[in-house]
Number of protein chains: 4
Amino acid sequence: MPVTQNGPADARTRILDAAEALFATSGYDATSTALVARRAEVPKGLIFHYFPQKIELLVALIEERVLIEVMPEEAVEAVPGDPARTLSRVARRFPLHASPAMRRILFREADTHTSVRDRLGRLNGEVFRRARRALELALPGARGDAARLEVAAGTFAAVLLYQENLSQLTGERLDPDAVADLIARALG
Amino acid sequence: MPVTQNGPADARTRILDAAEALFATSGYDATSTALVARRAEVPKGLIFHYFPQKIELLVALIEERVLIEVMPEEAVEAVPGDPARTLSRVARRFPLHASPAMRRILFREADTHTSVRDRLGRLNGEVFRRARRALELALPGARGDAARLEVAAGTFAAVLLYQENLSQLTGERLDPDAVADLIARALG
Amino acid sequence: MPVTQNGPADARTRILDAAEALFATSGYDATSTALVARRAEVPKGLIFHYFPQKIELLVALIEERVLIEVMPEEAVEAVPGDPARTLSRVARRFPLHASPAMRRILFREADTHTSVRDRLGRLNGEVFRRARRALELALPGARGDAARLEVAAGTFAAVLLYQENLSQLTGERLDPDAVADLIARALG
Amino acid sequence: MPVTQNGPADARTRILDAAEALFATSGYDATSTALVARRAEVPKGLIFHYFPQKIELLVALIEERVLIEVMPEEAVEAVPGDPARTLSRVARRFPLHASPAMRRILFREADTHTSVRDRLGRLNGEVFRRARRALELALPGARGDAARLEVAAGTFAAVLLYQENLSQLTGERLDPDAVADLIARALG
DNA sequence: TATGAATGAGGATTCATTCAT
DNA sequence: GATGAATGAATCCTCATTCAT
């Protein structure tokens, strides 16, 4: 993993940039390494210098460009007594740091590549965990039993995770804040 | 379009069966027509007799094996005053008739193939429409303004649509009835 | 060779019509029997009923639709003392009866199919023989020795045979009457 | 465009050599790229490294191996007062530099491939132009009006262009010098 | 005669990968 | 590191031909 940062962008970076764009548009299988090379403006052979197998391109992208922030349990913040604003905060601090292209890759290739699915699973787990923890902090005591809170966290996580896919399907957006508000009412 | 249903399934059906299974497992791009032929136990050439282009296999699968029931507005039923049971009904009458394999294909290939995305979009639209209409019927009058109802319907549709994908990621199930109950509380 | 002439055009005729048009446009090799069938509006199998091998389509076309009139030596007419009008007559009574499409096929496929080349060779021979005989009749006696007459006949035959190909290349026409006049002057 | 001329001929040259021989014998359509590879003793894939589409093999052959010398108007030479020897010279300085195999390809594929037809048309134009110019120089002044000269040039060009095709048909040769002599008499 | 499903060899082309330089 | 020619298996697809009905 050389981290030299010379010139306008070193070859390895250009290769990953190209792969990211192409995998996002056409999918991993439908993208040839030759096309990646052309787009990256590097000779075909060089790709295999950095990534001896094509699949390593995908793995490297996922590992280096899909960052999932793991927040320790105790760092999760909440607005006590206000589950709506609490969930809104969770939405705003979404633990996924990735370009729109990488998000598409993440969701698309998760279906067939285990390493990608693991990443996406971890993301989902993190979102779910944060939502639940935040709700526990916002609503201490008896109000809302544990099971309902679990369902609320799961629902919110599902919406956060898939809202982008949804809006690609229909064009309509599902506003996370509005969903936060809805769920808060259910727990209130 | 032969519809004969003789003996051990005619060739065209066997081809579609094979394609369905393989596309679901490995994805459309990663599945070769030769493999489909082998699995269907037909000669390679016959595939192109029925489906002159590989993509037509996918299109035929989607068109013939992903049925989306369109329910007329007036046929949507509700349990007046009980949004929870109303949404549960919506969940139970999910308008998608498709095998688990076809569901995977539907979600996976939607990302790159327009015709598939259209189908999935239509499904989402139908679920959303039903949920909203059912809620309107369950909660007539002033209770719950229109905007909130819209959000509720959208959230429920998102959960129904993506619960399968979610449970593949984490193993945990998000029970639609529990989500129905949650949303009902928010509107109650 | 069934000669039944029922309906608007029997199947065999329609097949040959289609083959003629397609072979002329794209060449024999580049034309599939399936395309011939589609254009003839007959089922694929029927072609092989009439023409068990694809090549027989070409052979039948040449045999049935490229008619070369063989004129007996004594029937060749001339305008005594006027070789120009004599050659013009030869040009007008060109012994090839074939559609423009068939002419293209004749010239194109002669290069690779012996039976077609034979036909074209026979045509050339006939034209040459007629030109020579006509010139002999037009110029009896000593004027113009035999060798020169031979060359004149050959030149005229070449022009008649290839004028179509020439005009396809450049758009310009080489008027046979003018060439007849030219050659007549040489012999005069 | 590697021009290295090392050892036993580089791969690209061997591929073109093989294609030339095979296209000439069987025609472009009837020659498979696999056969070209076998004859060139290169792996199948290498053909597509140099010529991404099969048609580019034909185009490259025409462009690189069919050279048509364009002679400037003022360079055309004539023997003043002797059109026969003048035309003989034109025949001897035929502007086509190509192997017999390439000549066959040129004539055969002109019928279906525009780029080839263009080349052949250019050749014909050049021959015609030279013949006309040479005759103008050989016969200055009033003798022979322009129209007749045009016909003479056209006739001579036709004979030069198609004499090879003719002799393949009948075995008999049409001697260009004899035709030159004939035409000269017509103009004399 | 007519029909179109069936067959499998062969076609052009793509592709990940290797390797000598 | 860099380069692009080389490799050959695999891919999608075409095709002449057969054959049961």
Side-chain angles (χ1 to χ4, degrees), chain A residues 2 4 6 10-12 15 28-38 41-57, chain B residues 2 4 10-12 14-15 28-37 40-57, chain C residues 2 4 6 10-12 15 28-38 41-57, chain D residues 2 4 10-12 15 28-38 40-57:
Chain A
T4 32
N6 59 339
D10 63 358
R12 190 175 180 281
I15 290 169
Y28 170 81
D29 285 311
T31 301
S32 72
T33 55
L35 187 57
V36 173
R38 213 175 310 145
E41 295 182 272
V42 300
K44 244 186 320 179
L46 195 55
I47 293 202
F48 290 88
H49 175 73
Y50 289 111
F51 309 96
Q53 307 247 74
K54 184 188 175 188
I55 190 68
E56 296 178 34
L57 270 174
Chain B
T4 31
D10 61 357
R12 189 175 181 279
R14 287 215 311 283
I15 291 169
Y28 170 81
D29 283 314
T31 301
S32 75
T33 55
L35 187 56
V36 173
E41 293 182 276
V42 300
K44 265 185 304 180
L46 193 55
I47 295 206
F48 295 92
H49 177 70
Y50 289 108
F51 309 97
Q53 309 242 67
K54 185 188 175 187
I55 189 68
E56 295 178 35
L57 269 175
Chain C
T4 32
N6 59 339
D10 64 358
R12 189 174 181 282
I15 291 170
Y28 170 80
D29 284 312
T31 301
S32 72
T33 55
L35 187 56
V36 173
R38 213 174 312 145
E41 295 182 273
V42 301
K44 244 187 320 181
L46 195 56
I47 293 201
F48 290 88
H49 175 73
Y50 290 112
F51 309 97
Q53 308 246 74
K54 184 189 176 187
I55 190 67
E56 295 177 35
L57 269 175
Chain D
T4 32
D10 61 356
R12 189 175 181 279
I15 290 169
Y28 171 80
D29 283 314
T31 301
S32 75
T33 56
L35 187 56
V36 173
R38 212 174 312 143
E41 294 181 275
V42 300
K44 264 187 303 181
L46 193 54
I47 294 206
F48 293 90
H49 178 69
Y50 289 109
F51 309 97
Q53 307 243 66
K54 184 187 175 187
I55 190 68
E56 295 178 35
L57 269 175

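None of these values were measured; they are calculated from a predicted model. We name chains A, B, ... by the order of the sequence lines, and we start the count at 1 in each one.
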Heavy-atom pair of closest approach, residues A:A37 and A:K44
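So the two residues come closest at CB-CA, 3.8 Å.
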Atom [atom1] of [X] and atom [atom2] of [N]: how far apart are they, to the nearest Å?
{"X": "D:I47", "N": "E:dG11", "atom1": "CD1", "atom2": "P", "result": "12 Å"}
{"X": "D:I15", "N": "F:dA5", "atom1": "CD1", "atom2": "P", "result": "11 Å"}
{"X": "C:E41", "N": "E:dT3", "atom1": "CD", "atom2": "P", "result": "12 Å"}
{"X": "C:L46", "N": "F:dT21", "atom1": "CG", "atom2": "C1'", "result": "15 Å"}

Has B:Y50 got a side-chain N or O lying under 4.0 Å from the OP1 or OP2 atom of E:dG4?
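Looking at the OP1 and OP2 atoms of E:dG4, neither is under 4.0 Å from any side-chain N or O of B:Y50.
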Dot-bracket line, read 5' to 3' along DNA chain E, where crossing pairs take [ ] and | marks a partner on another strand, Watson-Crick or G-U under 3.5 Å
.||||||||||||||||||||
Under 3.5 Å, which protein N or O atoms sit close to an N or O of nucleotides 16-20 of chain F? Give each pair with its distance.
{"residue": "F:dA16", "atom": "OP1", "partner": "C:K54", "partner atom": "NZ", "Å": "3.0"}
{"residue": "F:dA16", "atom": "OP2", "partner": "C:T33", "partner atom": "N", "Å": "2.7"}
{"residue": "F:dA16", "atom": "OP2", "partner": "C:T33", "partner atom": "OG1", "Å": "2.8"}
{"residue": "F:dT17", "atom": "OP1", "partner": "C:Q53", "partner atom": "OE1", "Å": "3.0"}
{"residue": "F:dT17", "atom": "OP2", "partner": "C:K54", "partner atom": "N", "Å": "2.8"}

In chain order, what residues pass the side chain to side chain contact (heavy atoms under 4.5 Å, CB included) check against [X], with sequence neighbours excluded?
{"X": "B:L35", "value": "B:L22, B:S32, B:R38"}
{"X": "D:A40", "value": "D:R14, D:I15, D:A18, D:V42"}
{"X": "B:F48", "value": "B:T33"}
{"X": "C:E56", "value": "C:F51, C:P52, C:Q53"}

Close side-chain approach of A:I55 to A:Y28, heavy-atom, < 4.5 Å:
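Yes. Closest side-chain heavy atoms under 4.5 Å.
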Residue whose closest nucleotide on DNA chain E lies nearer the 5' end, C:P43 versus B:P43
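By nearest-heavy-atom nucleotide position, the 5'-most residue is C:P43.
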Quick check: on DNA chain F, is the nucleotide nearest D:H49 upstream (toward 5') of the one nearest B:A30, or the reverse? Name the residue that is more 5'.
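Its nucleotide being nearer the 5' end, the pick is D:H49.
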